[in-house]
Number of protein chains: 4
Amino acid sequence: MVRITKDPEVRRNELMDAAERLFLEKGYDHTSASDIIRAVGVAQGTFYYYFKSKDEILDAVIDRYFESYAKFIEQIADDRRMDALQKLLYIVETLFSEKRGKSRPAGHRDLERKVSQHERYQQHIDEKITPIIMRIVKQGILEGIFDVEYPTETTELIVLIVEHLHDDIRLRDDRKRRKTTMKVAWSMIEKALNVPPGSIQLHS
Amino acid sequence: MVRITKDPEVRRNELMDAAERLFLEKGYDHTSASDIIRAVGVAQGTFYYYFKSKDEILDAVIDRYFESYAKFIEQIADDRRMDALQKLLYIVETLFSEKRGKSRPAGHRDLERKVSQHERYQQHIDEKITPIIMRIVKQGILEGIFDVEYPTETTELIVLIVEHLHDDIRLRDDRKRRKTTMKVAWSMIEKALNVPPGSIQLHS
Amino acid sequence: MVRITKDPEVRRNELMDAAERLFLEKGYDHTSASDIIRAVGVAQGTFYYYFKSKDEILDAVIDRYFESYAKFIEQIADDRRMDALQKLLYIVETLFSEKRGKSRPAGHRDLERKVSQHERYQQHIDEKITPIIMRIVKQGILEGIFDVEYPTETTELIVLIVEHLHDDIRLRDDRKRRKTTMKVAWSMIEKALNVPPGSIQLHS
Amino acid sequence: MVRITKDPEVRRNELMDAAERLFLEKGYDHTSASDIIRAVGVAQGTFYYYFKSKDEILDAVIDRYFESYAKFIEQIADDRRMDALQKLLYIVETLFSEKRGKSRPAGHRDLERKVSQHERYQQHIDEKITPIIMRIVKQGILEGIFDVEYPTETTELIVLIVEHLHDDIRLRDDRKRRKTTMKVAWSMIEKALNVPPGSIQLHS
DNA sequence: TATGAATGAGTTTTCATTCAT
DNA sequence: AATGAATGAAAACTCATTCAT
């Protein structure tokens with residue numbers, strides 16, 4: 001009725017925000033375009049003005065997420081003040097912590113799960129996230145901190161653990177369990193990298 | 001037209017087989033009741049004679065799967081001829097191997113993924129699979145083979161790794177990579193259990 | 001609400017009848033599936049139970065029409081009691097007459113026009129109608145009644161005239177004009193076939 | 001963004017050109033206002049600044065076409081250097097020829113067909129084209145070249161043949177067939193006008 | 001004159017489920 | 001036990017048109 005015009009960039013993001021939230025809450029298949037539309041409070045046509053289909057907004061949401069996720073990890077990888085071990089620990093602790101600001105993107109593996117679009121999601125992990133972690137692992141090897149026979153597979157396993165724990169554990173654990181789980185997980189990572197145990201302290 | 005009567009149990013299983021296959025292929029949400037019906041070649045009504053809803057057949061499929069999965073792991077856990085380490089290795093190797101007979105159930109984490117019913121699935125893992133593995137881990141501790149500070153969390157992590165690798169890796173890896181990945185993963189498990197490395201040999 | 005089950009053949013034809021009528025009245029594009037559904041008084045799903053799409057029911061309607069049209073012309077072509085000229089005249093007069101029973105199918109070039117599916121329609125004419133007329137023309141040549149240099153093209157032209165007049169004229173002419181037009185058209189056909197003029201009488 | 005201002009007349013014609021092309025290609029109903037807008041590269045609003053509705057631009061396109069068509073035929077009708085038979089032959093040959101410059105308007109019966117606006121189109125034929133041909137026929141009668149009992153109906157039939165052949169034949173015929181068809185058609189027209197056969201030669 | 005974001009009613013289509021036989 | 005025609009609510013998507021700038 002009342003026509004509210006906004007900067008297209010803003011509108012587009014409003015729609016993606018609502019879509020992201022709903023996809024995570026109810027899953028992609030159980031979220032209708034109308035749900036998103038209602039949430040934003042625009043007309044049916046407005047949605048399709050910005051996105052050709054429901055599928056397209058999902059793509060956009062996943063892309064946007066990985067862009068910010070990769071950026072976050074990249075910043076750490078590029079940080080001169082930390083050595084490789086510190087970097088990994090920082091990433092792990094951040095992804096495991098409950099409070100995440102915008103700079104610490106929320107776990108979207110839920111999204112993947114609800115979205116039944118695993119391929120696309122895994123591709124992003126493989127192409128955008130794993131290579132950055134690999135850089136850190138290789139840095140650690142060069143620095144002489146890590147001693148790894150199969151860097152590729154080890155990196156992939158670390159990413160796997162972190163990614164899955166990141167979401168899985170959080171779903172079912174209370175805080176104490178989470179802390180213990182993280183301790184154990186971190187210990188596994190240390191051992192995988194052949195780091196002398198206790199060479200770094202978990203915070204809190 | 002032609003009315004074909006079968007043993008109800010047979011019919012029921014035919015429907016579940018078709019449903020399982022289709023859910024794995026296309027996902028639960030993208031499989032329609034009619035798809036299942038068409039695959040089996042019965043009438044619409046027949047489906048609803050056996051299952052109250054599409055949801056119910058999913059439950060039945062998951063239950064049936066976990067029943068056979070748990071049974072398989074249980075047999076190993078109960079096997080007197082292996083020690084705890086051998087049991088774990090046997091389970092890991094079986095789940096990672098390509099050829100699985102009926103006694104070696106196929107990975108259904110795909111199903112979970114496509115089914116967007118993670119909760120139900122995870123619950124089965126937590127309630128049926130993890131406890132059995134836990135028994136093995138505790139057996140190992142008693143046998144003095146394992147040295148674990150947090151058995152619960154460690155077991156959960158092992159299950160997590162095995163479960164996810166089981167599917168994830170298989171999707172994207174060639175054989176050689178798979179073998180290396182398994183080697184690395186097994187090595188992580190050994191270290192998590194504080195087993196002296198090389199105390200057991202990976203087959204092949 | 002009240003569920004009325006009918007012989008599928010009957011239902012299917014009910015839907016096609018309504019579709020045919022509406023397509024002719026308002027045109028294909030201005031007829032919605034819901035219009036057809038409402039006209040028949042069934043549920044939305046019933047339509048799609050019988051036809052996969054609006055496009056498919058159009059196909060079915062055109063096919064059905066041409067089947068009956070071709071059958072009608074074929075009967076005449078096969079009639080032993082008439083010579084070639086009588087047959088042509090009979091066809092022309094029938095198609096031009098206002099009252100047509102079921103054996104004298106109504107002009108559907110309107111449909112084509114409204115349907116913007118000329119290709120499909122023309123194909124039916126070319127493949128089903130023209131060959132039958134061609135048979136009659138050739139019969140006439142053998143009988144020595146017709147004298148035609150280019151039978152193929154002449155037949156096509158006759159079909160063209162008859163087909164178009166059939167619908168075009170009817171739309172805008174009053175009865176007297178129609179009669180005169182038919183007289184003139186028939187005279188053109190006679191001349192095209194080099195029939196001595198007046199060798200046969202137009203009725204009424 | 002960049003605002004390009006043009007002579008309104010130019011803009012208007014750009015829009016009509018695009019509309020005409022698209023209507024002929026895909027049909028009126030399957031051409032969206034946005035298609036036209038995109039083709040020209042203007043904003044949504046610009047279209048509606050020039051035309052109140054999609055319907056109105058169709059009217060404009062048809063009118064523009066018939067204006068040029070009628071003008072072309074009128075010039076021939078007014079030409080003092082040809083007798084009536086020459087004029088008709090010239091028109092027929094032009095409409096049948098493949099290459100047409102701007103002075104030889106393209107067949108728009110396709111348009112009608114795709115536009116499902118037969119009434120409007122036929123009205124233009126009846127009001128603008130048929131009368132001019134009628135003038136030529138009457139001229140021929142006065143000149144003593146034609147001998148026609150029912151000039152009105154005969155003229156209408158000639159127009160009908162020419163109009164339909166013009167498009168129909170062209171769609172499906174190869175060149176040789178087209179030539180033969182034209183020969184046969186012209187022969188029918190000659191006979192309809194009772195012109196002694198061979199009193200004029202077809203070119204090429 | 002021109003822009004382009006926004007509208008919203010309408011359309012096609014899907015599909016889990018029911019029910020008379 | 002089994003059939004399959006029928007249901008209807010809801011979903012995805014389209015598009016002519018408007019309007020604030």
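Numbers restart at 1 for each chain; the letters A, B, ... are given by sequence-line order, proteins then strands.
Under the rule for a salt bridge (Lys or Arg N to Asp or Glu O under 4.0 Å), the partners of E56(B) that lie at least two apart in sequence or sit in another chain are K52(B). In this view, A39(D) and A18(D), R21(D), L22(D) satisfy the side-chain contact (heavy atoms from CB on, under 4.5 Å) rule, not counting sequence neighbours. Listed by chain and number, the residues in a side chain to side chain donor-acceptor pair (under 3.5 Å) with S32(A) are D35(A) (sequence neighbours excluded). With sequence neighbours excluded, the residues that form a side-chain contact (heavy atoms from CB on, under 4.5 Å) with Y48(A) are A33(A). Remark: K54(A) pairs with no residue by the side chain to side chain donor-acceptor pair (under 3.5 Å) rule, at least two apart or across chains. For F66(B), the side-chain contact (heavy atoms from CB on, under 4.5 Å) partners are I62(B), Y69(B), Y121(B), H124(B), I125(B), I129(B), not counting sequence neighbours. Considering only residues two or more places apart in sequence or on other chains, E127(A) meets the side chain to side chain donor-acceptor pair (under 3.5 Å) condition with Q123(A). Residues meeting the side chain to side chain donor-acceptor pair (under 3.5 Å) test with K71(D), sequence neighbours left out: none.
Nucleic acid contact for Y50(D): sugar-phosphate only, since backbone atoms but no base atoms lie under 4.0 Å from a heavy atom of the residue.
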Would you mind writing out the side-chain donor-acceptor pairs for residues 6-14 of chain A within the sub-3.5 Å range, not counting sequence neighbours?
{"from": "K6(A)", "atom 1": "NZ", "to": "E14(A)", "atom 2": "OE2", "distance (Å)": "2.6"}
{"from": "D7(A)", "atom 1": "OD1", "to": "E9(A)", "atom 2": "N", "distance (Å)": "2.8"}
{"from": "R11(A)", "atom 1": "NE", "to": "E14(A)", "atom 2": "OE1", "distance (Å)": "3.3"}
{"from": "R11(A)", "atom 1": "NH1", "to": "I4(A)", "atom 2": "O", "distance (Å)": "3.4"}
{"from": "N13(A)", "atom 1": "OD1", "to": "R64(A)", "atom 2": "NH1", "distance (Å)": "2.8"}
{"from": "N13(A)", "atom 1": "ND2", "to": "E9(A)", "atom 2": "O", "distance (Å)": "3.0"}

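Separating the CG atom of L58(C) from the P atom of dT11(E) is a distance of 18 Å, rounded to the nearest angstrom. Spacing between atom CZ of R38(D) and atom P of dT3(E) amounts to 16 Å, rounded to whole angstrom units.
Using modelled atom types, no side-chain atom of T46(D) and backbone atom of V42(D) make a donor-acceptor pair closer than 3.5 Å.
Comparing K6(C) and I4(B) by the nucleotide of DNA chain F that holds the closest heavy atom to each, the one mapping nearer the 5' end is I4(B).
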Per-nt protein contacts along nucleotides 14-21 of chain F (heavy atom under 4.0 Å; B base, S backbone sugar-phosphate only, - none) come out as BBSBBB--
In dot-bracket form, 5' to 3', how is DNA chain E paired? Count Watson-Crick and G-U wobble pairs only if both distances fall under 3.5 Å, and write | where the partner sits on another strand. .||||||||||||||||||||
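DNA chain E is contacted by P8(D), R11(D) of residues 7-19 of chain D, taking any non-hydrogen atom closer than 4.0 Å.
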